[in-house]
Q: 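Quick one: the structure is below, and I'll ask about it shortly.
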Amino acid sequence: MIKSVPNHPFSVTKTKVYLDNCSFTRPYDDQDQTRIHMETLAKMDIQKMIASGDILLAASDYLISENSMKKDEDIRNHIYDFVVKNVVIFVSDRDPKLDALIKEAMGSGVKDVDSAHVAAAIVAGCNCGR
């Protein structure tokens, strides 16, 4: 089941993105490596576009659940607050379409948690994701 946030200027022409926990935690990784630093800059730009409404954020129960297991309370709360404040499309883990999509992703070699994120992004109609 997909729930859209009411009163949001929803437009099918806007990019819908689903970011997994790895994306959200990238800024907290070791920034000495060029690749990680560049990914962090890109993620922060995407986050700014989400906050401004230029890009629409999709999230899921899987994202919230995985984030709740983070040991660092400050990081956990920061991610949760951003998601709750900016989510436009939320996919419930009870959506009947998810099971088949998760199995299909796992069948092609995607790991358990990642397959749930991929399935949620598909159900949300995202045209971009990490």
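In what follows, residues are counted from 1 in the order of the sequence shown. All values reported here derive from a predicted model rather than from experimental measurement.
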Q: Between Val84 and Phe90, is there shared hydrophobic-cluster membership here, with clusters defined by ILVMFWY side-chain heavy atoms closer than 4.5 Å?
A: yes

Q: Quick check against the 3.5 Å criterion: does Asn127 have a side-chain atom that pairs as donor or acceptor with the backbone of Lys16?
A: yes

Q: Answer whether the closest heavy-atom distance between the side chains of Val17 and Cys126 falls below 4.5 Å.
A: no

Q: Working to the nearest 0.5 Å, report the span between CD1 of Ile46 and CG of Leu41.
A: 11.0 Å

Q: Just distance, no hydrogens or angles: give the donor-acceptor pairs under 3.5 Å from side chains in residues 106-113, sequence neighbours left out.
A:
{"from": "Ser108", "atom 1": "OG", "to": "Ala105", "atom 2": "O", "distance (Å)": "2.8"}

Q: Write out all pairs satisfying side chain to side chain donor-acceptor pair (under 3.5 Å) with one or both partners inside residues 50-60, taking only residues at least two apart or from two chains.
A: Tyr18-Ser60, Ser52-Asp54

Q: Is the count of non-hydrogen atoms from other residues, nucleotides or ligands lying under 6.0 Å from Gln31 atom CD greater than 12?
A: yes

Q: With rounding to the nearest 0.5 Å, note down the distance linking OG in Ser115 to CD in Glu104.
A: 11.0 Å

Q: Determine whether a donor-acceptor pair (N or O, by modelled atom type, separation under 3.5 Å) exists between the side chain of Ser68 and the backbone of Ser65.
A: yes

Q: Please report the closest heavy-atom contact between Pro27 and Ser23, naming both atoms and the distance.
A: CD-O, 3.8 Å

Q: Would you indicate whether the side-chain heavy atoms of Leu98 and Val123 approach each other to under 4.5 Å?
A: yes

Q: Measure from the side-chain N and O atoms of Asn67 to the backbone N and O of Arg76, and report whether any donor-acceptor pair falls under 3.5 Å.
A: yes

Q: Would you say the side chain of Val83 lies within less than 4.5 Å of the side chain of Ile64, judging by non-hydrogen atoms?
A: yes

Q: Could you walk me through whether Ile102 and Tyr62 pass the side-chain contact (heavy atoms from CB on, under 4.5 Å) check?
A: CA-CA 12 Å; Ile102 290 170; Tyr62 303 114; 3.6 Å; yes

Q: Please indicate whether Tyr80 has more than 12 foreign heavy atoms, meaning atoms of other residues, nucleotides or ligands, lying under 6.0 Å from its OH.
A: no

Q: Quick one: are Lys70 and Thr25 in side-chain contact, heavy atoms under 4.5 Å?
A: yes

Q: When you measure from the side chain of Lys14 to the backbone of Gly53, do you find a donor-acceptor pair of N or O atoms at a distance under 3.5 Å?
A: yes

Q: So, the side chain of Asp95 versus the backbone of Val91: is there a donor-acceptor pair under 3.5 Å, distance only?
A: no

Q: Write down the atom of Leu101, the atom of Ala119, and the distance for their closest heavy-atom approach.
A: CB-CB, 3.6 Å

Q: Can you see which heavy atom on Leu57 is nearest to which on Asn86, and at what distance?
A: CB-O, 3.8 Å

Q: Please determine which of Leu63, Ile50, Ile79 meets the side-chain contact (heavy atoms from CB on, under 4.5 Å) test together with Leu19.
A: Ile50

Q: First locate atom CD of Glu39, then atom SG of Cys22, and finally report the distance between them rounded to the nearest 0.5 Å.
A: 10.0 Å

Q: Does the side-chain contact (heavy atoms from CB on, under 4.5 Å) test come out yes or no for Arg26 and Met44, once each step is laid out?
A: CA-CA 9 Å; Arg26 185 53 90 196; Met44 297 309 292; over 6 Å; no

Q: Should Tyr28 and Met38 be regarded as members of a common hydrophobic cluster, given that ILVMFWY residues are connected when their side-chain heavy atoms come within less than 4.5 Å of each other, either directly or indirectly?
A: no

